[in-house]
Each structure stands twice: as structure tokens, then as C-alpha cells.
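Only one structure is covered here, and it is reproduced in the block below.
We're numbering straight along the sequence, starting at 1.
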Amino acid sequence: MEIVFPYITVSVFLVFITFKFLSKARTNRRRNLPPSPPALPVIGHLHLIKQPLHRTLQTFSQNLGSVFSLRFGSLLVVVVSSPSAAEECFTKNDVVLANRPRLTIGKYFGYNYSTVSAAPYGDHWRNLRRLMALEIFSTNRLNHFLSIRQDEIKRLLHRLHQKSSNDFARVELKSKFSELTFNIVMRMIAGKRYYGDDLVECEEAKEFREVVSEAFKVGGLSNPYDFLPVLRWIDFKGFEKNLGKLHKRMDSRLQGLIDEHRRDKSKNTMIDHLLSLQESQPEYYTDSIIKGLMLVMILAGTDTSAVTMEWAMSLLVNHPGVLKKARAELDTHLGRDRLIDEPDLSKLHYLQAIISETFRLCPAAPLLVPHMSSNDCTIGGFNVPRGTILLVNSWAIHRDPSVWDDPTSFKPERFDGGEVEGHKLMPFGMGRRACPGAGLAQRVIGLTLGSLIQCFEWERVGEELVDLSEGKGITMPKAVPLEAMCKSRDIVKKVLFEDVNNE
């Protein structure tokens, strides 16, 4: 009896679980939810989630279809992996899906869900979005900061030239792109550089860099803390406590910059502009709102562009024929006596095709930013209840063989025909909540890549192709940071000013 009893207990438990699974499946069919794989009690499908997440979800879509559902603990997640379903999400259902899930990180780094990236859809979000479109990312405002982009890119070219003026030199590009984009954004925001050899001993710069680096690590949707209430109740591994401490450090740095500009009004940065708006509408443009705008620009506008440029250069050194063709276009249109400038970008069609093909193969937001339904709706003929998280697998859509010929190959020529429909290529998202900083990103990426191609010869470090494996992170970084061989071309000496600061 002592031996039989445990088997009876286990058998009853298994029958109970099987009954629950079958009952749940029947309920899902009646509710016409998107199909899903078998789930476990409490955790749902969290045990099936493997990194990189976009590849795991693509595998699911191959078995379940282009619209399927998962349970992340207590929350329903619907994943979309086809252009037609994505178009349906951001046209017919755009307003219904314009909310964001209330993840824990939004409570802290979203200033209690009040930033443009974390706020729910409504009047407050519309005001912030209008502010960003008119006052921060307008054509006039971006043109005003052109000299910053030009200066930072010339500093990068100068550093590379110092190493490669006589012969090919081995250079690591990941950190250089990160430093470039961070300095551009911070100079726009506060008029300060935070990377460079001359800043190594600057404690403020060091602290700011560390806080931002840590903030990138805690982002994303794969944190079980947000989906299992019991982990929140016990603050598993001190996640929320540590997040609160990190936010305090970040908030202190941002507040310090605001106070500094409040004392000295002689500068013409984004902070100064926002403080002038605060004087006329102090009840709305609070310090918290201003800090939220600053933080969104830093977190969303630096790493994404840096990662894209690293992928682009990786693809180019693996395809020397494409690199040669791009350089020929630059030499033909610009000659060899002047450096590429932003007005040239619209005329350099092959360079633009290279950037578009990089966006397609290596989107910096492979799952876009998560959406949440504010009401019941339908996607692909399935019911999507209110409160469902929506993930759009742009990485899978960009590699869909029914949409793209030879989808896994790097072929910039596929964009020779011009623009592609938005629901087929969506590196910046779609609909109301698409990325407001797309214009800045395209300028930085285009001008930087064009300058590197124009000013240097590029080769792989060895005979082997550059490893294109993806690492962990919400912006799809390369698993192995890019190293390449570069050699200065004659044009470098002609176009670089001798008084560029050494770093």
C-alpha cells in the first residue's frame, strides 16, 4: 500500500492536469483565440522562451501560423509574423493597439508611465508626441544640430586615420559607434560630450556612462518578474529594489543637467528649449516630463543607431563587391575633394539601399516595442481580448520568403525600385506609435556610413567571414563585436581639418 499510494496520487494529478489542458484548449477554441502550443500551469509558456526571442517566435509561427498566442504567466501575448497581419494591426486596429503594457521598468524609467514611450494612448501622450515632432525632431531642429553630427563623425574619422594613415590597421568598431551616437545625442540634449580620451578622468561622464549601460541591461520583455505576480510580491532577487536604486542614480544625473542649464541660460540645447517651454507652461512641462523626454532620447536614440551601423559594416566587409560599388557611387557623385554631407544622402541611392537592406536583415528592434490592446479586436480572423500584449516580429516579416526573394541574403539591389510598403519593412515600427526619432537615426547612420566608405578601405581581419551571430539584448547586438582592417584613402587628408581635437 505504501508503494501504490504515490503512484495513485501522481496518476490523479496527471489526469487533473490533462483535463485542465483539454478544458483550456476547448475554451480557447470557443473564444476563437489564436492557436498556441501546450502550456504549463501558472507559468504558461515562459519555459519555452529561449534567446534570441525573435528566432524562437519565428519557429513557433512556422508551426502555428502567422498569428498565434502565448501565455506569459498571467498575461496573454499575441505574436504577429506576416505583413498582412501587421498591416491589420496598424491600420484597422491602430487606435485599439496604441497602448503600452505596464511593465515594471516603465514605472521607474518611464517616470510612472508618463514618458512618450511608456504612456498610455490619450491626450497626454498626444501632447508629448506633438512636442517631439515639432520641437525636437522637426527638420529645422535637426538641421540646427547638423554641426554636432558633422563634428562627432570627423572626430571618429580622425581617430581611425591616426591608426591607419600608412597601412591597414585593425580597429574595433562597436565601441566607436556607441561613443559616436551617445555623444551626438548628449550634445543635442545638454551640450556635453561623455566619451573621449580627454574625458577619462571626468567623474560625471564616467558615472553617466555606467548608469546608462546598466539601464540597457534591465530592459526588454523576457523578464518573468512582470508576468508572475508572486515574484513581484516577494520582490524576487530584489529586482524592483535594484531598479529603484538605478533609477535614482539616473534621475539625479538628469536633474543635475536641468539645474545646471537653469543657472546658465546661455546655451541652445534641447534642455534650454524645454526649460523655456516650462516658463510658459510650468504646470505641464515639469522637471519630470523634461527628464522623461531626455531619457527616451538617450535610451532609444543611441544604442539602436550604433548597433545598426555595426551590422551594416559587418555585412559590407563580408561583401566586398557591394562595398566597392558603394564607394564608386560616392566618388562619382561627390568627387574626391569633399566629404559627404547630409544633403547628399538623398542622391546616393545605392548607399540608401545598403541601409534599407541592413534594416531588413538586422532590425535594431526585432520585435518592435510591445503594444497592448485597450479593447477587444480581431487580427487575422482571431479574437484578441482587451489587455492582450501584441508583439510584431519584424525580424520574421523581413525574412518572409513569400515577401522577399532569397530573404536571408544581403542584396541591396532589391531596393533599386525605391520605397517598400511599410508593413513589409518596418525598422521604426508603424502606426501612431512608430519611432518619432526615425529622421535623426537615418541622418546619423547615412552620414556615418557614407563617411567611412568614402574615407577608408575596409577588409576583414582574416579570410573567414565576419561572424553574424546575434547576441542577447533588446536591440539585437552582434554576439562578437566587429573588428575590421581599415586604411586611409587620400581623401582623408583633404577633408579633415587639422584642428580636429585628438581624442
Checking the side chain of Ser374 only, and the main-chain atoms of Val96 only, is there a donor and an acceptor separated by less than 3.5 Å?
yes

For His45, enumerate each residue passing the side chain to side chain donor-acceptor pair (under 3.5 Å) test, keeping only those at least two apart in sequence or located in another chain.
none

Would you say the side-chain atoms of Trp311 pair up with the backbone N or O of Ala306, donor to acceptor, closer than 3.5 Å?
no

Exercise answer: donor-acceptor pairs, residues 361-369 side-chain atoms, under 3.5 Å, sequence neighbours excluded:
none

May I ask you to decide if Ala98's main-chain N or O and Arg433's side chain share a donor-acceptor pair within less than 3.5 Å?
yes

Flag for Asn140-Ser138: side-chain donor and acceptor within less than 3.5 Å
no

Can you see whether Phe227 has Arg71 sitting over its ring - NZ or CZ less than 6.0 Å from the centre and within 45° of the normal?
no

What residue among Tyr108, Trp233, Tyr225 forms ring-ring contact (aromatic ring centres under 6.0 Å, His included) with Phe239?
Tyr225

Rounded to the nearest 0.5 Å, how far apart are CD1 of Ile290 and CG of Leu274?
5.0 Å

His273-Asn268 side chain donor-acceptor pair, cut-off 3.5 Å:
no

Check this for me: does any side-chain nitrogen of one of Lys174 and Glu179 sit under 4.0 Å from a carboxylate oxygen of the other?
no

Modelled atom types, side-chain donor and acceptor of Glu172 and Ser175, under 3.5 Å
yes

In chain order, what residues pass the salt bridge (charged side-chain N to carboxylate O under 4.0 Å, His left out) check against Glu342, with sequence neighbours excluded?
Arg149, Arg443

Determine whether a donor-acceptor pair (N or O, by modelled atom type, separation under 3.5 Å) exists between the side chain of Ser373 and the backbone of Val384.
no

Could you tell me which residues satisfy side chain to side chain donor-acceptor pair (under 3.5 Å) with Asn375, sequence neighbours excluded, listed by chain and number?
none

Does a salt bridge link Asp376 with Arg386, judged by any charged N lying under 4.0 Å from a carboxylate O?
no

Any donor and acceptor pair, going by atom type alone, linking the side chain of Gln352 with main-chain N or O of Ser346 inside 3.5 Å?
no

Pair Glu470 + Lys478: basic N to acidic O under 4.0 Å:
no

Do side-chain atoms of Asp226 reach the backbone of Leu103 as a donor and acceptor pair under 3.5 angstrom?
no

Can you list the residues that meet the ring-ring contact (aromatic ring centres under 6.0 Å, His included) rule with Phe236, with sequence neighbours excluded?
none

Just do the salt bridge (charged side-chain N to carboxylate O under 4.0 Å, His left out) check on Asp259 and Arg263 with the steps written out, would you?
CA-CA 6 Å; Asp259 293 341; Arg263 291 190 298 269; 5.3 Å; no

Asp341 side chain to Pro343 backbone, donor-acceptor under 3.5 Å:
no

Identify, with sequence neighbours excluded, every residue that meets side chain to side chain contact (heavy atoms under 4.5 Å, CB included) alongside Glu87.
Thr91, His423

Suppose the criterion is side chain to side chain donor-acceptor pair (under 3.5 Å): which pairs have a residue in residues 285-304, not counting sequence neighbours?
Asp251-Lys291, Gln255-Asp287, Gln255-Lys291, Arg262-Asp287, Gln278-Asp287, Asp303-Thr475

Only one of Lys107, Arg232, Lys245 passes side-chain hydrogen bond (donor to acceptor under 3.5 Å, both in side chains) with Glu240; say which it is.
Lys107

Donor-acceptor side-chain pairing of Ser114 and Asn112 below 3.5 angstrom:
no

Should the pair Glu357-Arg360 be classified as a salt bridge under the 4.0 Å nitrogen-to-oxygen rule?
yes

Does Leu390 offer a backbone N or O that forms a donor-acceptor pair with the side chain of His371 under 3.5 Å?
no

Residues in ring-ring contact (aromatic ring centres under 6.0 Å, His included) with Phe177, at least two apart?
none

Applying salt bridge (charged side-chain N to carboxylate O under 4.0 Å, His left out) as the test, list every pair that has at least one member in residues 127-141; sequence neighbours left out.
none

Rounded to the nearest 0.5 Å, what separates atom CZ in Phe68 from atom CG in Asn393?
7.5 Å

Using modelled atom types only, decide if a donor and an acceptor are shared between the side chain of Asn183 and the backbone of Tyr195 within a distance under 3.5 Å.
yes

Please enumerate all residues that pass ring-ring contact (aromatic ring centres under 6.0 Å, His included) together with Tyr113, with sequence neighbours excluded.
none

For the residue pair His54 and Trp395, categorise the inter-ring angle as parallel (less than 30°), tilted (30 to 60°) or perpendicular (more than 60°).
tilted

Hits for ring-ring contact (aromatic ring centres under 6.0 Å, His included) against Phe145, two or more places apart or cross-chain, chain-then-number order -> none

Sort and list the pairs that fulfil salt bridge (charged side-chain N to carboxylate O under 4.0 Å, His left out) and have at least one residue in residues 265-280, not counting sequence neighbours.
Glu260-Lys267, Lys265-Glu279

Distance in Å, Ile184 CD1 paired with Met297 CE, rounded so as to fall on 0.5 Å steps:
11.0 Å

Would you say Tyr121 and Arg126 are linked by a side-chain donor-acceptor pair, where the criterion is simply a distance under 3.5 Å?
yes

Please confirm whether the backbone N or O of Ala484 pairs with a side-chain atom of Arg460, one donor and one acceptor, at under 3.5 Å?
no

